[in-house]
Amino acid sequence: MNSVRQVFGVDAKSLRSAIALLAERSWQFDDLVRELAAPRRTVEELLQALGDDLERDGDHVRLRPDVVDAHREEAGSPHATDGLEAEVARHIAHVPPPLPALDHVQATADTVVRRARWLDEHYDLRTTRLTFLGDHDLTSLAVRALRPESDLTVIDVDDRILDYVDRQSSRTIRTVHADLRFGLPLSVMGKADIVFSDPPYTPEGMALFATRGLECLADPPAGRLVLAYGYSPRHPALGHRTQRALVGLGLAFESIVPGFHRYSGAQAIGSAADLYVCQPTTKARKGGRKTSKQTIYTRGAQSLEAGETTNELLTALRTIAGQNGLDVEERGADWTKPVTTKPGTAVAVDLGADPGPWLLRTLLAVNADRVAVLLPNSHPDLADAASQRGLTELIGPKYRLRLLRSTPDNTHAVVVAEPPATATGHTDAAARAVLTRAHGRLGNIWPDAPDDVSDDRLIDLPRHRVAEVRHELAD
């Protein structure tokens, strides 16, 4: 049966149709091609793969009755979705509210179920590796409920979503932190057969998420990107720009299903979006951009219209970083590679557009005598005493923090991080060793690392898993 599956690749729907037709009656070759709407060569390969399981009568073929059930079982069939919408609605009711800076609008429970059912109908989720690029809509949980055996990965910039998916799925869905503007962790590159995403609906956002989706695919021409995208019919030029950006990445539109998605909001586009099924061409094998500009959203601090940090703010940040005569290196938001400076050096980091997750990753990535980070005054880690305490305790073995609210002006803050004078006790030293090597494989740095994180890097773990590592080292 494996050779039969290989004929259609990820396209389980066509495989199931072929088995059903050949089990139904005898077919002449030309009629079978027309009924399947499959290329002649594909049908030839199918019949060759079925081999002795076929009965032949002149130029007609059909499946032998004694093998029909086995082929149907191997091809699988979509699961019923009874009760799934109520379960999805419960998940959505308790999902953390969208971060305004990430420009998310919630899909309806009906839409999330429709997505899961569509994926189950078209792909064999028992064997297909499915990756979600962003999943505030919780489509992964719907797929997990529909197909408990499926291999699912969620990559998201919002640590709260990763925590929620982790808890609701009892950790049966792999969760990975990444901001796609700065690249993908190596652990998820080239590991997926299908990628699903509902990206920001700017041409820049769609192109970025599609680029990262291509990087996730193990074999791009054999995989698929399944994307949500909507634009107002009053502005067709915007839709054209986005479609042209996708085509420029080497993607062909295998199908576009109008009005597939519905949202609780997004009235500018009729609270609806289309389903795009994109097939990569051989051109798409080539990698995309390594980094992207941050302004990919339609509103907020990271929208296309957002301004840059003023020179006055950056000068004040450098002054704070360079106190006591330290040399100052300036850096922007990017924690994908470790930064280690020579003694006597401070690092000034502009995170003025941080939606929340960047600060912790920056403190993990940078090893310096002082790190000064410019943030919005409303940053989640500074919002209240509990949030401040959580960050301070989490990063404590590596850095002692000073939180300067309303500095340099009343809309910004500066977090100053300096290594503690000494590590107190063995557990602090062990935690410090891990926190200062956040880009290393945990199993190499921490011999007793649990199996479920030993092959990961600390920098790629969701925040709640970083906290667990920190506490396990302390215990």
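Taking each heavy atom of Pro220 and Pro280 in turn, the nearest pair found is O-CG, 3.0 Å. In terms of heavy-atom proximity, Ser232 sits nearest to Ala268 at CB-O, 3.5 Å. Between Glu87 and Ala145, the shortest heavy-atom contact is OE2-CB, 3.8 Å. The minimum heavy-atom distance between Thr282 and Pro221, with the atom names listed, is CA-CG, 4.2 Å.
For the residue pair Ser17 and Ser14, no side-chain donor N or O sits within less than 3.5 Å of a side-chain acceptor on the partner. Inspection of the Asn367 and Thr436 side chains reveals no N or O donor paired with an N or O acceptor under 3.5 Å. For the residue pair Ser77 and Arg16, no side-chain donor N or O sits within less than 3.5 Å of a side-chain acceptor on the partner. For the 3.5 Å distance criterion, the side chains of His104 and Asp137 qualify, holding a donor opposite an acceptor. No hydrogens or angles considered: nothing links the side chains of Ser454 and Asp451 as a donor-acceptor pair under 3.5 Å. Between the side chains of Tyr229 and Thr242, at least one donor N or O lies within less than 3.5 Å of an accepting N or O. Checked by atom type, the side-chain pair His136/Asp158 shows no donor-acceptor distance below 3.5 Å. Of the N and O atoms on the side chains of Asp350 and Thr309, at least one donor lies less than 3.5 Å from an acceptor on the other residue. No hydrogens or angles considered: nothing links the side chains of His177 and Asp156 as a donor-acceptor pair under 3.5 Å. Arg144 and Thr172 form a side-chain donor-acceptor contact under 3.5 Å, judged by distance and modelled atom types alone.
The local environment of NZ in Lys191 is crowded, with over 12 non-hydrogen atoms from other residues, nucleotides or ligands closer than 6.0 Å. Within 6.0 Å of CG on Asp452 lie more than 12 heavy atoms contributed by other residues, nucleotides or ligands. Counting heavy atoms of neighbouring residues, nucleotides and ligands inside a 6.0 Å radius, atom CG of Asp384 exceeds 12 of them. Dense packing is recorded around CD of Glu149, with more than 12 heavy atoms of other residues, nucleotides or ligands lying under 6.0 Å away. Residue Arg331 places its CZ atom among 12 or fewer non-hydrogen atoms of other residues, nucleotides or ligands, all under 6.0 Å distant. Within 6.0 Å of CD on Glu73 lie no more than 12 heavy atoms contributed by other residues, nucleotides or ligands. Atom CZ of Arg234 is surrounded by 12 or fewer heavy atoms from other residues, nucleotides or ligands within 6.0 Å. Applying the 6.0 Å contact sphere to CZ of Arg25 captures more than 12 heavy atoms from other residues, nucleotides or ligands.
Results of the side chain to side chain contact (heavy atoms under 4.5 Å, CB included) test with Ile445 over Leu458, Leu435, Val434 single out Val434 as the only residue that passes. Just one residue in the list Thr128, Thr131, Leu130, Asp151 forms a side chain to side chain contact (heavy atoms under 4.5 Å, CB included) with Asp193, and that residue is Thr128.
In this structure, His240 contributes its side chain and Pro236 its backbone to no donor-acceptor pair below 3.5 Å. Between the side chain of Arg457 and the backbone N or O of Ala438, no donor-acceptor pair lies under 3.5 Å. A donor-acceptor contact shorter than 3.5 Å links the side chain of Arg126 to the backbone of Glu74. The main-chain N or O of Leu227 is never found under 3.5 Å from a side-chain atom of Ser197 such that the two would form a donor-acceptor pair. Judged by distance alone, with hydrogens and angles left aside, the side-chain atoms of Lys283 form no donor-acceptor pair with the main-chain N or O of Leu249 at under 3.5 Å. The closest donor-acceptor contact from the side chain of His122 to the backbone of Arg117 lies at 3.5 Å or more, if one exists at all. When atom types are taken as modelled, the side chain of Arg160 and the backbone of Pro97 share a donor-acceptor pair closer than 3.5 angstrom. Counting only distance, with no hydrogens or angles, the side chain of Thr108 and the backbone of Thr111 share a donor-acceptor pair below 3.5 Å. Put simply, the side chain of His235 never gets that close to the backbone of Ala237: no donor and acceptor are under 3.5 Å apart. In this structure a side-chain-to-backbone donor-acceptor pair under 3.5 Å is present from Asp135 to Ser140.
Looking at heavy atoms from C-beta onward, Glu472 lies in side-chain contact with Pro450 at the 4.5 angstrom threshold. Looking at Pro357 and Asp354, their side chains come closer than 4.5 Å, going by heavy atoms from C-beta outward. Proximity of Glu254 to Tyr276: side-chain heavy atoms (C-beta onward) are nowhere separated by under 4.5 Å. Here the side chains of Leu15 and Ile19 are in contact, with some heavy-atom distance below 4.5 Å. Proximity of Arg241 to Glu204: side-chain heavy atoms (C-beta onward) are separated by under 4.5 Å at one or more points. Side-chain atoms of Val195 and Val226, non-hydrogen and from C-beta on, never get closer than 4.5 Å to each other. Side-chain atoms of Leu21 and Leu36, non-hydrogen and from C-beta on, do get closer than 4.5 Å to each other. Proximity of Asp124 to Thr127: side-chain heavy atoms (C-beta onward) are separated by under 4.5 Å at one or more points.
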Notebook entry, point to check: What do the steps show when you test Asp166 against His464 for side-chain hydrogen bond (donor to acceptor under 3.5 Å, both in side chains), and what is the final call?
Noted result: CA-CA 10 Å; Asp166 230 7; His464 68 284; 2.6 Å; yes

Next item on the list: Could you please spell out the steps behind the salt bridge (charged side-chain N to carboxylate O under 4.0 Å, His left out) verdict for Arg463 and Asp163?
Entry: CA-CA 8 Å; Arg463 182 174 180 139; Asp163 184 13; over 6 Å; no

Margin query: For Asp334 and Thr336: C-alpha separation, side-chain torsions, deciding distance, then whether side-chain hydrogen bond (donor to acceptor under 3.5 Å, both in side chains) applies.
Written below: CA-CA 6 Å; Asp334 186 357; Thr336 56; 2.7 Å; yes

Next item on the list: Show the numbers, then the answer: is there a salt bridge (charged side-chain N to carboxylate O under 4.0 Å, His left out) between Asp159 and Arg361?
Entry: CA-CA 11 Å; Asp159 285 302; Arg361 266 82 193 180; 2.7 Å; yes

Item checked: Stepwise salt bridge (charged side-chain N to carboxylate O under 4.0 Å, His left out) check, Asp31 with Arg34 -> CA-CA 5 Å; Asp31 294 337; Arg34 185 164 46 249; 2.5 Å; yes

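Distance check: Arg115 CZ to Asp198 CG gives 5.0 Å after rounding to the nearest 0.5 Å. A distance of 8.5 Å separates CG of Leu238 from OG1 of Thr202, quoted to the nearest 0.5 Å. Residue Asp455 holds its CG atom at 9.5 Å from OG of Ser187, rounded to the nearest 0.5 Å. Here the OG1 atom belonging to Thr175 is positioned 6.0 Å from the CZ atom belonging to Arg465, to the nearest 0.5 angstrom. Rounded to the nearest 0.5 Å, atoms NE2 (His79) and CG (Leu125) are 9.5 Å apart. Here the straight-line distance linking atom CZ of Phe132 with atom OG1 of Thr153 works out to 9.5 Å at 0.5 Å rounding.
Here Trp358 and Phe182 bring their ring centres to under 6.0 angstrom of each other. When ring centroids are compared, Tyr201 and Tyr231 stay outside the 6.0 Å threshold.
Both tests pass for Arg114 against the ring of Phe260: distance under 6.0 Å to the centre and angle within 45° of the axis.
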